[in-house]
2 protein chains.
Amino acid sequence: MATGRTHRPATRSRGIPEATVARLPLYLRALTALSERSVPTVSSEELAAAAGVNSAKLRKDFSYLGSYGTRGVGYDVEYLVYQISRELGLTQDWPVVIVGIGNLGAALANYGGFASRGFRVAALIDADPAMAGKPVAGIAVQHTDELEKIITDNGVSIGVIATPAGAAQQVCDRLVAAGVTSILNFAPTVLTVPDGVDVRKVDLSIELQILAFHEQRKAGEDAGHDDEESDDARAVAAREARRAVREVREAAAKGAPAADAPAGASDRKGPDGDVPAVMPA
Amino acid sequence: MATGRTHRPATRSRGIPEATVARLPLYLRALTALSERSVPTVSSEELAAAAGVNSAKLRKDFSYLGSYGTRGVGYDVEYLVYQISRELGLTQDWPVVIVGIGNLGAALANYGGFASRGFRVAALIDADPAMAGKPVAGIAVQHTDELEKIITDNGVSIGVIATPAGAAQQVCDRLVAAGVTSILNFAPTVLTVPDGVDVRKVDLSIELQILAFHEQRKAGEDAGHDDEESDDARAVAAREARRAVREVREAAAKGAPAADAPAGASDRKGPDGDVPAVMPA
DNA sequence: ATGTCTTTGTGAACGCGTGCACAAAGATGG
DNA sequence: CCATCTTTGTGCACGCGTTCACAAAGACAT
């Protein structure tokens, strides 16, 4: 789900299922809201509604943490807040570095959600010498040269990468080499890391593309299909199309019999009728 | 996975599994990179490595789209780029509005990944009258009052919410009422939407908390456990703790026998020894 | 043509996550 | 102390997603 390489079977060590871990922050947020309103206890049903999940699922999730509820009553809000915080490791604070102080990096640095929840921005790092010394969100940006020293001196184990895609892997390698073992990656690249390092990815354009897919299907279901055929017909068309492509390539090979034909952007042909709209990365 | 409310059994209509859809953008990115290097064909093994997934999974994913490969050779890069683009609905461009032009909203507006991949920022909307008219990323910010008109005039069906948590649900409701059916939510709240509307959530602090969990476990596995007991012991302790909480509450009830005791931040007590560090939302 | 070699496409098994439904636990009232 | 009522905790079944492993398909050489 997160790691680019690590084929971890998720939950291994007799711990909490990964899916549950991913929901704990959700519960914590809902509970904190209740806590602020001084609500003493909450039932699984109520809390589940607040967190937007099924109540049975919530109870099962909590059962992995231990039996923290009282039958007939519900859960003690304050106590549960503490237990979840503890389970998530939020009772200590984690120094975090943000690498790549562009628009996004600066926005992250200014994001209030960090400091308030056990995370402390230990440093902002950027490769641009012109940025060095400039304050962002009240913290002076430091140059990439200092990266290793910053990590070591502050005991940083969590790094946030907000650089352009091209620099991400290199930055990642340096972070890992310096001792970082958890990375939150905003760059649109697959990061390769050694075992034992966790990577989570946040990718805006991927999210949008997933939405676009569903959006298109909604539109396609309502109206008559313009560029979409039935599933069976599509499979057949696909097979024909593949054949067409092959023939084109063979013809090309005849024309230029030498090595592998550098079939650039020239001989592409939309077998489904219209010209394929290929867009850059 | 995404929707806060919609209990969609994922894949329903004989289409492509949700998990596969989520990976298509990944494949597309890897393929686009290959395309730029004019690589004509690619095997499932190579492409899988580039996308950071299992090759069998990749082949199965592609099999849902149709038979686009050639046995003994691999997949035609250009053709596959087109097919995936088409499947994801990226052959048309989607007008998108961003609501909430703070640090994050501005960063999103400036993000290049939008325009280059079939998405067009149709408008930037903010509730602050002082922002109105100010250009961000070359686009003049418009006031929230114009929201409905903007959506309708531009035929916007995808909205991005980058407002503070408090305003998110209200903005969401207005977007949906105006015709938006897909929402990308950056605000740390659970959004409630009617059926047929897709919501995907991006939550920075949740991602960090998940990382913190794993980070803590890594630390706990190496060194002697400081605040973590064995799983069995923990369950027992939990039960004892719960009992302690109950007794406290009973005592409190005796002291102030009236209605529900407003157990604010005063009578909380860390049953595991130390004081619970409860942090704000 | 025929055989060999590569790579796809997929049947089948397995494991995780989800949700139902219910028994056990405890609160509450008499 | 007993009965009733609420809510938790969980056994169980089901479905989705992942992975293995292999047959079929096609390229390529002879």
Side-chain angles (χ1 to χ4, degrees), chain A residues 1 3 6-12 14-23 40-49 51-76 79-80 235 238-239 242-243 245-247 249-250 253 257 260, chain B residues 1 3 6-23 40-49 52-76 79-80 235 238-239 242-243 245-247 249-250 253 257 260:
Chain A
M1 193 170 292
T3 57
T6 328
H7 292 303
R8 190 196 320 101
T11 310
R12 69 153 196 301
R14 102 200 48 208
I16 297 158
E18 190 59 30
T20 295
V21 172
R23 280 187 294 268
T41 62
V42 65
S43 72
S44 64
E45 202 70 50
E46 293 165 331
L47 186 54
V53 301
N54 183 297
S55 70
K57 195 188 300 188
L58 179 142
R59 287 197 298 275
K60 181 149 292 190
D61 283 343
F62 286 173
S63 78
Y64 292 117
L65 308 185
S67 297
Y68 292 155
T70 305
R71 301 180 189 222
V73 175
Y75 299 90
D76 183 273
Y79 184 57
L80 204 45
R239 204 157 274 279
R242 198 186 50 177
R243 186 155 288 125
V245 167
R246 192 185 332 130
E247 283 165 5
R249 186 137 13 93
E250 280 165 1
D260 42 342
Chain B
M1 195 171 290
T3 54
T6 327
H7 293 303
R8 189 197 320 101
T11 312
R12 65 155 200 300
S13 93
R14 103 202 46 216
I16 297 158
E18 189 60 30
T20 295
V21 172
R23 280 188 295 267
T41 62
V42 65
S43 72
S44 64
E45 202 70 50
E46 294 166 330
L47 185 54
V53 301
N54 185 298
S55 71
K57 196 189 300 187
L58 178 141
R59 286 197 299 276
K60 181 146 289 190
D61 283 342
F62 286 173
S63 79
Y64 293 117
L65 308 185
S67 296
Y68 292 156
T70 305
R71 301 181 190 221
V73 175
Y75 299 91
D76 183 90
Y79 183 57
L80 203 46
R239 204 158 275 278
R242 197 186 52 180
R243 185 155 291 123
V245 167
R246 191 185 334 129
E247 284 166 6
R249 187 137 13 92
E250 280 167 0
D260 43 342

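Order of the sequence lines sets the chain letters (A, B, ...), proteins ahead of strands, with each chain counted from 1.
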Expected rows: protein N/O vs nucleotides 11-14 of chain C N/O, under 3.5 Å:
{"residue": "C:dG11", "atom": "O6", "partner": "B:Lys60", "partner atom": "NZ", "Å": "3.3"}
{"residue": "C:dA12", "atom": "N6", "partner": "B:Lys60", "partner atom": "NZ", "Å": "3.1"}

Take the protein atom [atom1] of [X] and the nucleotide atom [atom2] of [N], then report the distance between them rounded to whole Å.
| X | N | atom1 | atom2 | answer |
| --- | --- | --- | --- | --- |
| B:Glu45 | D:dT19 | CD | P | 13 Å |
| A:Leu80 | D:dT8 | CG | P | 11 Å |
| A:Arg59 | D:dT7 | CZ | C1' | 8 Å |
| B:Lys57 | C:dG9 | NZ | C1' | 17 Å |
| A:Asp61 | C:dC16 | CG | C1' | 13 Å |
| B:Leu58 | C:dT7 | CG | P | 14 Å |
| A:Glu18 | C:dG15 | CD | P | 19 Å |
| A:Leu47 | D:dT7 | CG | P | 14 Å |

Task: Spatial distance of atom NZ (B:Lys60) from atom CG (B:Asn54) [nearest 0.5 Å] - done: 11.0 Å
Task: Set of ring-ring contact (aromatic ring centres under 6.0 Å, His included) partners for A:Phe62, sequence neighbours left out - done: A:Tyr27, A:Tyr75
Open item on the list: Quiz question: going by heavy-atom distance under 3.5 Å, is there a donor-acceptor pair between the base of C:dT8 and the side chain of B:Arg71?
Closed with: yes
Open item on the list: Which heavy atom of A:Thr41 sits nearest to which heavy atom of A:Asp76, and what is that distance?
Closed with: CG2-CA, 4.2 Å
Counting side-chain heavy atoms from C-beta on, which of [options] comes nearest to [X]?
| X | options | answer |
| --- | --- | --- |
| A:Thr70 | D:dG17, C:dG26, C:dT8 | C:dG26 |
| A:Ser63 | D:dG9, C:dT18, C:dT10 | D:dG9 |
| A:Tyr75 | D:dT18, C:dC20, D:dT8 | D:dT8 |
| B:Arg23 | C:dA27, D:dT18, C:dA21 | D:dT18 |

Task: 4.5 Å side-chain heavy-atom contact, A:Ile16 and A:Leu65 - done: yes
TODO: Tell me, please, which residues at least two apart from A:Ser55 pass side-chain contact (heavy atoms from CB on, under 4.5 Å).
DONE: A:Ser44, A:Glu45, A:Ala48, A:Arg59
Open item on the list: Can you see if the side chain of B:Asn54 gets near the phosphate of D:dG17 - specifically, an N or O under 4.0 Å from OP1 or OP2?
Closed with: no
Open item on the list: Quick check on DNA chain C: between B:Ser43 and A:Thr20, whose nearest nucleotide comes earlier from the 5' end?
Closed with: B:Ser43
Open item on the list: Regarding B:Phe62, tell me which of base, sugar-phosphate or nothing describes its non-hydrogen contacts under 4.0 Å with the strands shown.
Closed with: nothing
